[in-house]
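One structure is given below, encoded as structure tokens.
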Amino acid sequence: MTGAPVFLNCEQIKEEKKPPAAAAAQPPPPLSAVPGGFLKQLVRETEKETRHKEPELKEEKAPRKLSDNLVQNFLLPDQTPPILEAEMALRAEQLVNGERGRHTTLSEKKTSTPRRIMSPDPKSQKIDSKSTTPEVSRQEQTPSPRTDTMKSPAPPKEKEVKKEEVKVQQEIKPQKKEVKEPRQEPEGQITVTPIREEPKVPVRDVWYEAGKVWYAHKDGYTLATQLKPDEGTPELPDGRVRVRLDSDGSIHDVSQYEIEKLNPPELDLCEDLSDLVSVNESSILHTLTTRAKGHLPLTHTGPNLLALWPPLSPPGKALRSRRWESWEAPGPLQALVRRVYVSIVGQRRDQTLVALGRSGTGKTTSCQSFSQELLKQAGTAGGSLTLERLQAVFTVLRSFGCVSSSHSEASTRFAMVLSLDFNHAGLAAAAHLQTMLLEKWRVCQRPEGESNFLVFSQMLAGLSTDMRTELQLHQLKEHNSFGISCPTKVDEKQRASVGFGKLLAAMNTLGFSADEQKAIWHVLAGIYHLGVAGTCKVGRKQFMSFDSAQTASAILGCEGEELHTAVFKHHLRQLLQRATGGVRERRPTEEPEDGPKLSATQCVEGMAAGLYEELFTTIVSLINRALHSQQLTLASVIVVDTPGLRNPRHSGDERAAGFSELCHNYLQERLLEHYFNHTFTHTLERYTQEGVPVDFAAPETSPSEVVCAVDQPGLQVRGPEGDSRGLLWVLDEEMVTPGSTESTVLERVCQYFSGTVRQCEQPLQCEIAHLMGSDPVRYDLSGWFGQVQNNPSVLNACSLLQNSSIGAVKALFSPRASVPPLCRGLGGVEGGSQRSLERCGTVRKTLSGGMAALRRHSQCIAVKLQADALVNLIRRARPVFLQCLSAKTDGCGFDVPALRVQLHSTHLLPALQLYRTGYPEHICLGDFRCRFQALSAPIMKRYGSVFITPDERKAVEELLIDLDLDKKSIVLGASRVFMKRGVLRSLDQQRDQLLSGWLVQLQASCLGHLGRQKYRRMKVQQMAVSCIQRNVRVLTAVVRWSWWKLLCRVRPLLDVNMDDQRLRSKEDEITALRRRLEKSEKERNELRQTADNLETKVTAVVSELSDERFRGEAMSQALDIERTERLRLAKENKELQSRMDQSKVTLEALERQLEEEKQKVKNKEALSGVATESELQLQLECAQTEVEFLRRRLRQSEERLESEKEARQLLDTKVQELQSQLDQSKRSVTELKRHCRRLTSDLQDARVLTDSLQSRAHELDRKQRRFDSELTQALEQADNEREQKDRVILENTALGAEIFTLRKTLKVRAEVKGQASTICDCARVLRVSSDCKLNKSPEIPNMQRRKENQVEVTHLQQQKDELCAQIRDLKVPLHLTSDSIPELKKKLRELETRDKERSEEISQMTAKIKQQEQMHLRFEMEMERMKQIHQKELEDKDEELEDVQKSSQRRLRQLEMQLEQEYEEKQMVVHEKHDLEGLIATLCEQCPFCSVKYFSLHENIRALSDVATVTKGGQVFVKSQFRVAGGCWLGF
């Protein structure tokens, strides 16, 4: 069935799914449809009948081809009518359509979609990878390869083919009608009765849409619709899938590996790739490109960040230079900065941001944006680190460390480590910059299409006229051997001048003084003039232009001859330094130069490279000086920016890469290896150690293969020759080996690492498989010996600048004299703060330790050591990786194959799968309990005390049970708690929500406490004011007293004596302090003397250490010499061994020749003798038998050779078959691995989806349980309310009965009221009479009268009631007994009165009870309040007691110390007294007059002391009298 697609409704689909009723009795195909015609089919049927086979089968086999002789016997030529031919063609086409589904199964379940698609004409399916033309039997065996692409999946001749197919169908239609006519046989032929057949039902070809998928091909990916066959439709072969492209509607049969799942449309702008439902390559690429088109270049990839560069600018807006103050960072970058900052503040652990990617992917810009956003969010402390200074740092580094290339205007040519230090308050306090692997040879050697460092063009374009004159740059030379020139184009020159202005502003911001800037321009100008000077290529080593050389020496501050000596005459300079007693050389002068001799060009280039390297490291030191701070820092954020992977093929260059590209690519591979180890190796090892089950296998390929090919050291220092070594080590060894070249290095490396390093067809070129083979780079090794050779001119550049005659230059470079030569290529190795000293210590330890430190003076090994130092710095902190991808656009879309290569290089898909299926968040058991025990009140109460040391694992298990978390989302390891992604964030949110409520309560209690304290202070102030007022009133009352006036006059006289006593005490204190001062000065002098002694010892130890270091270096150099000699001797030994082997071979050949000659001589001697005929005949026969025997042997050998040839041919065919089988098995293995990876990714996606659904179900279960508990509580409340309602109904019925009885009593009372109306009249008469009596007595007061009236009224009322009762008794009928009703009523009245009294008493008692209860409640509240107040007072008293105890203890210690001091002073005074008495006694013995005078003086002193005691007593008496008299001393 052919034609356009047909759409069927649901009812038709249901009917089609029913099995046909007459399926078992399906007729065979028409005879004319079989190839070979009617007669062949007739013969076949007769053969079947003879073989007793079944007449008809459900599944018919393909008819075999009959022999031509048999056909000719039944059919003559030109006897088949044309109608039969048309019928044969039509039936053959139908039979072919039926044969396509013969060997397929219909076991696949079909989805019930209302849309069905009929496959197009098989003849039009030529665009597909598997053709469906009528010649299927031929093409099914050899399917054609797929030729469809993303942009043009169909060839242009499709329309012509469809037109031809329509014509063929139109010709076939009238032939179908003619088939029904009876066949007419020609005359003379036997009429054959045709076999009666039932019409055959055509095979259905219906396909339905199964869903949207991604069709991945080599040029990209395309959105397509997967089609599946309906019941009755033949299925495709295994591994093939039919899709319809949405771009042009074409239908293709593709491999199942080219189909990938599609995510929902709402995830096209997903911020985190780990949140995708299906994580596959096409979905990731689609998400990234969609976000890039929506101006969202940054995307989260789990814990890391991914950036596409360059970002697409909005339409109609050009890229502008952004201001740091108003620039707003993208959302993902802000989230990353917030996460890093929270982690560093909460955990006090260093964090690292590492940028990965190719060169020109915006790594430096991303690092700059990250640092700026971090400072914005965290804030800064002090003025040493601000946003302006950070921008100035990047501006200076851009000028001095970047070059312009084809893929970037500022390509970084050095590795940078920027450390931002944070203090205890979480503010950025300081920063520290470290640089390494500077491409210093870029000053003098630059490839085509790239510039020199940007600072040269900026300086030549923007210098002022005065500086140009001073630096002699007013007339620039046309030729410069270094390629340094001023921009010639107007826009380039303007851009360079603007950059120079920014550079000057940045230097001023960083605090560069005018002299320092002047020294920098002097060094740059000196490098420029060295390039102008050039060198002579022929003859002795000297400058080409002596005037330019003199200019360079004058600008650098040295003599021309001194510059010439430092550049060319290295040995002479060393001799001069030794003769003049200069700085001791680190390397002995007797050591011969390593490698080949340097040329004049290499000497000048070495001087220029050394000058620029020294200048760059000095600028880094000035930057660190500006960013330094003395504040104490606790943690740091380290930003690592390195040059990206460089491949000339990316920019369209045909050249090969050099040594500098190898160094930077090697550093990028080291960072990728660290990323691989951190992401996969360490994570899986942690899971294994902790016993956490995770079903994940690490990727098979890793960057360690390329790293080993570059830097793998030997197993031993003196290892054997076959010991495999990396490229850097081989290059270092072969450079010092006499007669060795770069080709030897290439051969050895290709021999050691044949799988990673491949030798190219070009000479001295190899290809290294970078990025795990996805991005190979071709290197050219020519001239590498000259770059890695130790150049003395580089070392002489430092001393040349330090001994400059220009003061500014000497002052700038003199501080670097103390830097060891090993660290001269590193910037920022000097540190001022503790954190920077730790980082510098790590770098120095790496450079001076290990086996590689033995060759640390080598340029090759220095590259490895600097990379090791950088990786060791990163390992100290927790890394976060920023993966930068190059997304080149060609106007229509992105370069998808390039994006695929970059994604494969970082193993993004496996990393996302491990992040989704593993447990990326983990915390120690104790930290987890302390952090989240607040979420559970029982756990908080049980383990919250600091005096308890609980079992952490048991406590965490109880906490997890109480929190009711999903068991699959959190796992307990041996020492840590592992959680799925998002679990830690949800727990933190719950904890923050709980803590926020607690903090609100704490704030409320604090505010209440502060309010109470304020109230107490106000009460104290009020008391103080009242006291002051009272004292003022007393003072106003006392001021006129005479005693007060006397006191005011006498009191100053008393203060004089008190001042004398104070003066004496102060003098005593001064003398004591003087003694202490003398004692402290003596101790200080002693300490100073000991410090001087220690300093002398330290200097001695330092000198001894330097000597030991010098000896160690000498030993290492001797070891290098010995190793070189060993290599030379090994090579000579090998050559001698080869010569000895050759000599042995020649000796054996000579011995054989000698034996042959001897044999010939013997034969000649034998022939020369006389021989008889018999002997000759015998010899002839022997010779003939020997010849016959040799012929037979030759024939046998030929036969054996032929058999061996045949066996070899058989073996060759078998080997070819086995090789083809091996290739087939390899292809099948790769396909199976690919299928396994696909199934694993699908399984992991399904597992992640299942886990999310299970977690959601668990959350719903929790909500359901909470709802059930609330529902049970509500039902219990409803039951309680129902019981209360029933109780109220019962009470209501009881009250209704009481109301009914009360109504009856009210009716009886109404009847009684009518009877008592007469009694009321009598009562009025009596009341009137009583009123008249009361009015007649005016003597009584009104109050007494009213009381009497009330008493009488009550008495009369009682009388009225008694009369009414008697009247009712009298109205009783007479037939009743006298003692029945009246007595009962009387008793009833008495009971009613008693009841009223009782009710009144009860009401009074209930009122009293309520009053007592209120009093009791009030008392309880008062008691509770008093208890609280008492408790607070007790706490305050305890605190006061503790304070008093502490103060008393401190006071006691002070008193003890004072007592000890006084005791010591007293002892000293006693000793002095004894000494003085002894001295006086001796003087008295010598002079009797002095003794008499002494005794009289002593008596006078005693008298004065008695007078002093009397005066003191008088003063005390006077004061006591005034106290008694005045009575106001207490107020004051």
Side-chain angles (χ1 to χ4, degrees), residues 352-361 363-364 366-367 397 401-403 405 408 411-418 433-442 613 616 638-647 650 657-678 702-713 726-729 731-732 756 768-772 775-777 779 784 787-788 825-828 842-843 846-847 852 856 858-875 879 881-884 902 905-906:
T352 305
L353 178 75
V354 184
L356 303 173
R358 292 180 178 178
S359 180
T361 53
K363 296 186 297 299
T364 305
S366 301
C367 292
L397 293 178
C402 296
V403 300
S405 59
S408 177
S411 180
T412 306
R413 297 291 92 199
F414 66 97
M416 177 194 72
V417 179
L418 179 63
L433 178 66
Q434 290 175 297
T435 59
M436 52 192 68
L437 288 177
L438 173 68
E439 192 179 341
K440 59 184 178 182
W441 297 105
R442 177 57 67 101
E613 183 181 25
F616 188 80
I638 303 174
V639 181
V640 180
D641 179 27
T642 59
L645 186 124
R646 298 188 63 197
N647 192 349
H650 295 162
F659 183 73
S660 60
E661 284 88 354
L662 174 68
C663 297
H664 293 150
N665 294 348
Y666 161 68
L667 181 59
Q668 196 67 215
E669 291 287 345
R670 289 293 300 271
L671 295 177
L672 285 173
E673 183 185 20
H674 178 65
Y675 165 77
F676 184 87
N677 293 333
H678 173 76
S702 67
S704 59
E705 299 177 359
V706 179
V707 172
C708 291
V710 177
D711 71 346
Q712 180 178 349
L727 177 59
L728 296 177
W729 290 90
L731 191 63
D732 180 55
T756 307
I768 299 179
H770 284 285
L771 301 182
M772 290 161 288
D775 194 0
V777 181
Y779 293 97
W784 281 22
Q787 295 184 13
V788 301
L826 303 177
T842 302
V843 174
T846 305
L847 295 178
R856 56 182 178 270
S858 172
Q859 298 295 328
C860 297
I861 310 305
V863 174
K864 176 188 175 353
L865 292 176
Q866 293 182 25
D868 291 341
L870 179 61
V871 174
N872 289 336
L873 279 176
I874 299 173
R875 284 175 182 167
F881 296 95
L882 176 61
Q883 301 172 5
C884 300
Q902 297 175 71
S905 64
T906 56

| request: Just jot down the salt bridge (Lys or Arg N to Asp or Glu O under 4.0 Å) partners of Lys440, sequence neighbours excluded, or say none. | output: Glu613
| task | Mind checking the CE-CG spacing from Met772 to Leu672? Nearest 0.5 Å is all I need. | result | 6.5 Å
| field | Heavy-atom side-chain contact between Leu771 and Gln902 under 4.5 Å | value | no
| request: Sequence neighbours left out, what passes salt bridge (Lys or Arg N to Asp or Glu O under 4.0 Å) with Arg670? Give chain and number order. | output: Glu673, Asp711, Asp868
| Does the side chain of Gln712 come within less than 4.5 Å of Val707's, by heavy atoms? | no
| Closest approach of Ser366 to Leu882 (non-hydrogen atoms, all atoms of both residues) | CB-CD2, 3.3 Å
| field | Partners passing side-chain contact (heavy atoms from CB on, under 4.5 Å) against Ser408 (at least two apart in sequence or in another chain) | value | Ser405, Ser411
| request: Kindly say whether Gly357 contributes a backbone atom to a donor-acceptor pair with the side chain of Gln668 at under 3.5 angstrom? | output: yes
| said: Less than 4.5 Å apart, side chain to side chain, heavy atoms only: is that true for Val777 and Asn665? | reply: yes
| task | For Arg413, check salt bridge (Lys or Arg N to Asp or Glu O under 4.0 Å) against everything at least two apart and list the hits. | result | Glu439
| Can you name the closest pair of heavy atoms from Gly828 and Gln434 and give their distance? | O-CG, 3.6 Å
| query | Does the side chain of Met416 come within less than 4.5 Å of Leu433's, by heavy atoms? | reply | yes
| If you measure from CG on Asp775 to OG on Ser905, what distance do you get to the nearest 0.5 Å? | 8.0 Å
| request: Give a yes or no on whether the backbone of Arg358 and the side-chain of Lys363 come within a donor-acceptor separation of less than 3.5 Å. | output: yes
| Heavy-atom pair of closest approach, residues Leu728 and Cys860 | O-CB, 3.6 Å
| said: My understanding is that only residues two or more places apart in sequence, or in another chain, count here; which of them pass ring pair (Phe, Tyr, Trp, His ring centres under 6.0 Å) with Phe659? | reply: Trp784
| task | Answer yes or no: is there a side-chain heavy-atom contact under 4.5 Å between Phe881 and His674? | result | yes
| note | To the nearest 0.5 Å, atom OG1 of Thr906 lies from atom CG of Leu356 at 8.0 Å
| field | pair Val706-Tyr666: side-chain heavy atoms closer than 4.5 Å | value | no
| Which residues pass the ring pair (Phe, Tyr, Trp, His ring centres under 6.0 Å) test with His650, sequence neighbours left out? | none
| message | Between Leu671 and Ile874, is there a side-chain heavy-atom distance shorter than 4.5 Å? | response | yes
| said: To the nearest 0.5 Å, what is the distance between CD on Gln787 and CG on Leu731? | reply: 9.5 Å
| task | First locate atom OG1 of Thr352, then atom CG of Leu873, and finally report the distance between them rounded to the nearest 0.5 Å. | result | 8.5 Å
| field | Flag side-chain contact, heavy atom, 4.5 Å: Leu662 against Leu727 | value | yes
| message | Assess the residue pair Asp732 and Val788 against the criterion (side-chain contact (heavy atoms from CB on, under 4.5 Å)); give the C-alpha distance rounded to whole Å, side-chain angles, the decisive distance to 0.1 Å, and a yes or no. | response | CA-CA 8 Å; Asp732 180 55; Val788 301; over 6 Å; no
| Hey, which of Leu353, Leu870, Leu418 is the one that makes side-chain contact (heavy atoms from CB on, under 4.5 Å) with Val640? | Leu870
| Minimum heavy-atom separation for Trp729 to Lys864, with atom names? | NE1-CD, 4.0 Å
| task | With side-chain contact (heavy atoms from CB on, under 4.5 Å) as the test, would you mind laying out the steps for Leu667 and Met436 before giving the verdict? | result | CA-CA 11 Å; Leu667 181 59; Met436 52 192 68; over 6 Å; no
| query | What's the spacing between Leu397 CG and Thr364 OG1 if we round to 0.5 Å? | reply | 9.5 Å
